[in-house]
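Below is one structure; the comments refer to it alone.
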There are 2 protein chains.
Amino acid sequence: MTDATPSLRPPRRGRPPKAQAQLSRTAIQQAALSVIDAEGIDAVSMRSVSRILGVDAKSLYHYVEDKGDLLDAVAEHVLEQLRPPAATDSIDADLRAWAHEFRRITLAHPQAATLVLTRQLSSTVGLAPVEGILEVLRRTGRGPEEAVHFLRTLLATLIGTLLREASAGPTFGTTDPAGIAERQATLEASGLPQIGLAAPYLARFDRDREFDFTVDLIIRLATTPDVTDQIAD
Amino acid sequence: MTDATPSLRPPRRGRPPKAQAQLSRTAIQQAALSVIDAEGIDAVSMRSVSRILGVDAKSLYHYVEDKGDLLDAVAEHVLEQLRPPAATDSIDADLRAWAHEFRRITLAHPQAATLVLTRQLSSTVGLAPVEGILEVLRRTGRGPEEAVHFLRTLLATLIGTLLREASAGPTFGTTDPAGIAERQATLEASGLPQIGLAAPYLARFDRDREFDFTVDLIIRLATTPDVTDQIAD
DNA sequence: ACCTGAACACCGTTCAAGT
DNA sequence: ACCTGAACACCGTTCAAGT
């Protein structure tokens with residue numbers, strides 16, 4: 001109807017409907033993800049998602065309970081992309097592989113990171129990484145209870161690190177000398193002594209290096225045999 | 001003015017306006033926080049906040065740029081509650097004190113946790129903890145650059161841990177035997193071997209213990225002198 | 001200086017009705 | 001079985017006008 005189409009189909013504007021043929025939960029997940037990638041998570045609405053599918057907003061309710069369920073579906077969809085790394089004979093390497101795989105799927109859709117990393121998923125899709133990481137942790141010789149503690153610490157660190165990286169946006173990196181200089185100046189202007197001394201390092205942020213540093217640190221912890229003995233008191 | 005005032009002031013419904021006398025950025029922060037505490041972050045709207053203040057929604061725009069700015073203001077308000085712990089002669093104890101102070105202000109308004117922990121604040125209020133923690137980290141003998149790395153790891157872990165704790169809600173705790181049993185059963189039904197073995201521990205979650213475990217672990221790391229030498233390769 | 005009426009372009013969701 | 005029209009009670013925000 002935007003042009004010379006004489007049909008009495010529903011009017012469309014902007015991008016054409018992907019497929020008016022078939023609606024489905026998967027199609028909705030993908031449409032929502034495309035909205036998120038293009039315009040961020042705040043742009044997700046029943047109406048914006050349905051527009052992409054060339055369908056009325058209310059039609060979504062046949063495949064999705066409500067907006068919260070739709071967002072859960074997106075988070076699950078992203079988590080499902082996770083491919084469990086094959087085990088090697090190195091515990092350290094295996095944990096590192098899990099961490100990087102987590103990072104990979106998260107940064108594939110950085111604007112969806114909050115969703116993926118903070119939604120309490122009731123579904124079963126979150127269990128695969130838990131099983132996989134527990135398996136590696138058990139190889140350190142620790143029992144199930146201790147392994148769970150380490151799993152939680154490891155996941156918390158991973159989530160905190162990835163949330164920061166994803167929400168920092170592309171602005172906050174090493175690749176922007178002007179921005180670095182500006183941030184450094186602001187920090188130095190604060191007058192706080194430690195911040196003044198550390199300003200050059202606080203002002204820059206090498207994503208890859210920073211991730212590796214934190215992951216190496218936390219993994220060393222998880223694989224150092226006597227750590228918890230010292231803490232147990 | 002709340003009682004037998006025959007004036008032709010604007011009509012009020014439900015809870016009385018707190019103070020139609022004076023609107024201010026601080027008053028708005030507090031009103032928003034009270035909405036968050038009572039009904040969660042999704043209940044925050046220009047209209048819901050203004051209703052508490054007995055004022056029209058549009059009036060808020062005299063003190064706040066837009067809704068995003070209002071939420072930033074709330075995050076800052078919570079962060080300002082942070083009272084830097086006094087230094088002792090123990091590095092470990094001082095880092096622990098910072099961690100617990102962070103936890104204290106976060107859990108004082110658990111529904112605002114996402115806001116406080118994930119908002120990229122452009123203001124200066126976030127600098128106090130950075131300065132304080134850097135100061136402690138420098139006492140380990142590390143230089144500013146290394147101290148910044150550890151600061152980032154420590155904050156990421158803290159944020160990940162507190163996000164989990166705050167969003168878990170009061171449901172997911174040790175204090176609910178029925179819930180624990182149910183979760184354990186669900187986990188065991190997954191058929192995944194490691195999850196089956198760890199189910200009793202995955203099903204329960206002692207907030208205090210879990211926080212202490214992670215914080216002790218990460219602090220031990222920050223104060224172990226030779227850790228980064230081993231990683232440096 | 002501070003507040004609001006009118007107005008706009010949006011939301012999520014229900015339900016009864018259409019094919 | 002799947003989709004939508006009508007409808008409701010909400011949103012954030014602008015701007016010109018009131019005191």
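Order of the sequence lines sets the chain letters (A, B, ...), proteins ahead of strands, with each chain counted from 1. No hydrogens, no waters, no symmetry mates; every other heavy atom, side chains included, goes into these values.
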Check your understanding: Side chain of B:Y61: nearest nucleotide among D:dG12, C:dT14, C:dT4?
Key -> D:dG12

**Study point:** Short N-O contact, A:R103 and A:E165, less than 4.0 angstrom
**Key:** yes

Practice item. Provide, to the nearest angstrom, the distance between the CZ atom belonging to B:R51 and the C1' atom belonging to D:dC11. Key: 11 Å

Check your understanding: Between atom NE2 in B:H62 and atom P in D:dA16, what is the gap in whole Å?
Key -> 14 Å

Point to revise | Side-chain ion pair, A:R104 and A:E101, N-O less than 4.0 Å | key: yes

Exercise for review: Identify whether any heavy atom of B:S45 sits under 4.0 Å from a base atom; if not, whether one sits that close to sugar-phosphate; answer base, sugar-phosphate or nothing.
Suggested key: sugar-phosphate

Exercise for review: Determine, for A:D176 against A:R183, whether the closest basic-nitrogen to carboxylate-oxygen distance falls under 4.0 angstrom.
Suggested key: no

Exercise for review: Identify the nucleotide, in any strand shown, that forms a Watson-Crick or G-U wobble pair with D:dG18, with both distances under 3.5 Å; if there is none, say none.
Suggested key: C:dC2

Check your understanding: Nearest 0.5 Å, what's the CG-CG distance between B:L117 and B:L162?
Key -> 6.0 Å

Practice item. Send over the distance from B:D56 CG to C:dA6 C1', rounded to a whole Å. Key: 11 Å

Check your understanding: When the distance from CG of B:D42 to P of D:dC11 is rounded to whole Å, what number comes out?
Key -> 12 Å

Practice item. Round to the nearest Å and state the distance from A:D66 atom CG to C:dC15 atom P. Key: 14 Å

Point to revise | Result of checking B:Q29, B:K67, B:R119, B:H77 against B:D72 for side chain to side chain donor-acceptor pair (under 3.5 Å) | key: B:R119

Study note, to complete from the structure: As its Watson-Crick or G-U partner within any shown strand, both distances under 3.5 Å, C:dC8 has D:dG12

Practice item. Answer with base, sugar-phosphate or nothing: what part of the nucleic acid does A:K67 contact at a heavy-atom distance below 4.0 Å? Key: sugar-phosphate

Practice item. Considering just the side-chain nitrogens and oxygens of A:S59, establish if one lies under 4.0 Å of OP1 or OP2 belonging to D:dC2. Key: no

Point to revise | Interatomic distance, B:L53 CG vs C:dC3 P [rounded to whole Å] | key: 10 Å

Study note, to complete from the structure: 5'-most contact on DNA chain D (nearest-nucleotide basis), A:Y63 vs A:R47, goes to A:Y63

Exercise for review: Using whole Å, report how far CG of A:D69 lies from P of C:dG12.
Suggested key: 14 Å

Review point. 5'-most contact on DNA chain C: A:E65 or A:S48, nearest heavy atom basis?
Key: A:S48

Point to revise | Residue B:K58, side-chain atoms from C-beta onward, closest of D:dT13, D:dT4, C:dC3 | key: D:dT13

Check your understanding: Can you check the B:L60 CG to D:dC11 P distance for me, whole Å?
Key -> 12 Å

